[in-house]
Amino acid sequence: EVQLVESGGGLVQAGGSLRLSCAASGFTFDDYAIGWFRQAPGKEREGVSCISSSDGSTYYADSVKGRFTISSDNAKNTVYLQMNSLKPEDTAVYYCAAEPWGSCRSGFGSWGQGTQVTVSS
């Protein structure tokens, strides 16, 4: 069974940085797609970033392009989301999701519990 655990959220002032971690288990980490999503109260879930091990492709929503960086450490079965120049509109619960043997264009069948990110102005 795929298990995903997010960590690294917290409270930060605008302009600050946070690094989120998604620790994964239950699948071979050499062939996967892992995406980061976020959801603020009253809003739809939004795709933020994604990384695919099949071709090393990474993707970013326009709203975070140039500020966020996704990366992976296969030895630790962990994907990271480095968030710089944070804005109040980045405030949300952030989730990671995985699709073994999938791509960033496929659906994500496994989800973590989420970690809260709050950016103060």
Side-chain angles (χ1 to χ4, degrees):
E1 181 180 351
V2 175
Q3 299 273 355
L4 303 171
V5 180
E6 302 97 333
S7 63
L11 174 64
V12 65
Q13 290 186 326
S17 299
L18 287 172
R19 189 179 73 161
L20 305 184
S21 298
C22 176
S25 63
F27 65 97
T28 55
F29 212 67
D30 293 333
D31 192 355
Y32 65 88
I34 292 183
W36 284 98
F37 297 78
R38 66 187 182 187
Q39 187 168 24
K43 296 184 178 180
E44 296 284 339
R45 182 182 296 151
E46 175 190 18
V48 176
S49 185
C50 183
I51 187 167
S52 175
S53 67
S54 61
D55 57 6
S57 298
T58 59
Y59 300 91
Y60 300 93
D62 288 343
S63 59
V64 307
K65 185 78 172 181
R67 299 187 297 120
F68 291 10
T69 303
I70 191 168
S71 62
S72 64
D73 185 339
N74 289 354
K76 296 182 178 180
N77 284 14
T78 301
V79 169
Y80 304 96
L81 185 68
Q82 179 67 46
M83 306 186 296
N84 298 327
S85 302
L86 283 162
K87 304 174 180 179
E89 50 263 46
D90 295 319
T91 296
V93 177
Y94 284 70
Y95 302 88
C96 64
E99 184 66 21
W101 297 280
S103 72
C104 290
R105 295 184 178 181
S106 65
F108 293 89
S110 301
W111 294 78
Q113 296 298 112
T115 185
Q116 176 71 49
V117 171
T118 303
V119 184
S120 62
S121 60

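In this view, N77 satisfies the side-chain hydrogen bond (donor to acceptor under 3.5 Å, both in side chains) rule with no residue, not counting sequence neighbours.
Below 30°, between 30° and 60°, or above 60°: for W111 and Y95 the angle between ring planes is above 60°, a perpendicular geometry.
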**Message:** Before you tell me yes or no, could you show the steps for I51 and W36 under side chain to side chain contact (heavy atoms under 4.5 Å, CB included), namely the whole-Å CA-CA distance, both residues' side-chain angles and the distance that decides it to 0.1 Å?
**Reply:** CA-CA 9 Å; I51 187 167; W36 284 98; over 6 Å; no

**Request:** Please lay out, stage by stage, how F108 and F37 fare under the test side chain to side chain contact (heavy atoms under 4.5 Å, CB included).
**Result:** CA-CA 11 Å; F108 293 89; F37 297 78; 3.8 Å; yes

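Remark: the backbone N or O of T91 is not paired with any side-chain donor or acceptor of T118 at under 3.5 angstrom. Between the E46 side chain and the R38 main chain, no donor and acceptor come within less than 3.5 Å of each other. The main-chain N or O of S103 is never found under 3.5 Å from a side-chain atom of E99 such that the two would form a donor-acceptor pair. Here the side chain of E6 pairs a donor or acceptor atom with the backbone of C96 at under 3.5 angstrom.
Between Y59 and I70, every side-chain heavy-atom pair lies at or beyond the 4.5 Å cut-off. Residues Y32 and S72 have side chains in contact (heavy-atom distance under 4.5 Å, counting atoms from C-beta outward). For the pair M83/V64, no side-chain contact is recorded, criterion being any heavy-atom separation below 4.5 Å from C-beta on.
For residues 7-23, the side-chain hydrogen bond (donor to acceptor under 3.5 Å, both in side chains) pairs, not counting sequence neighbours, are S17-N84.
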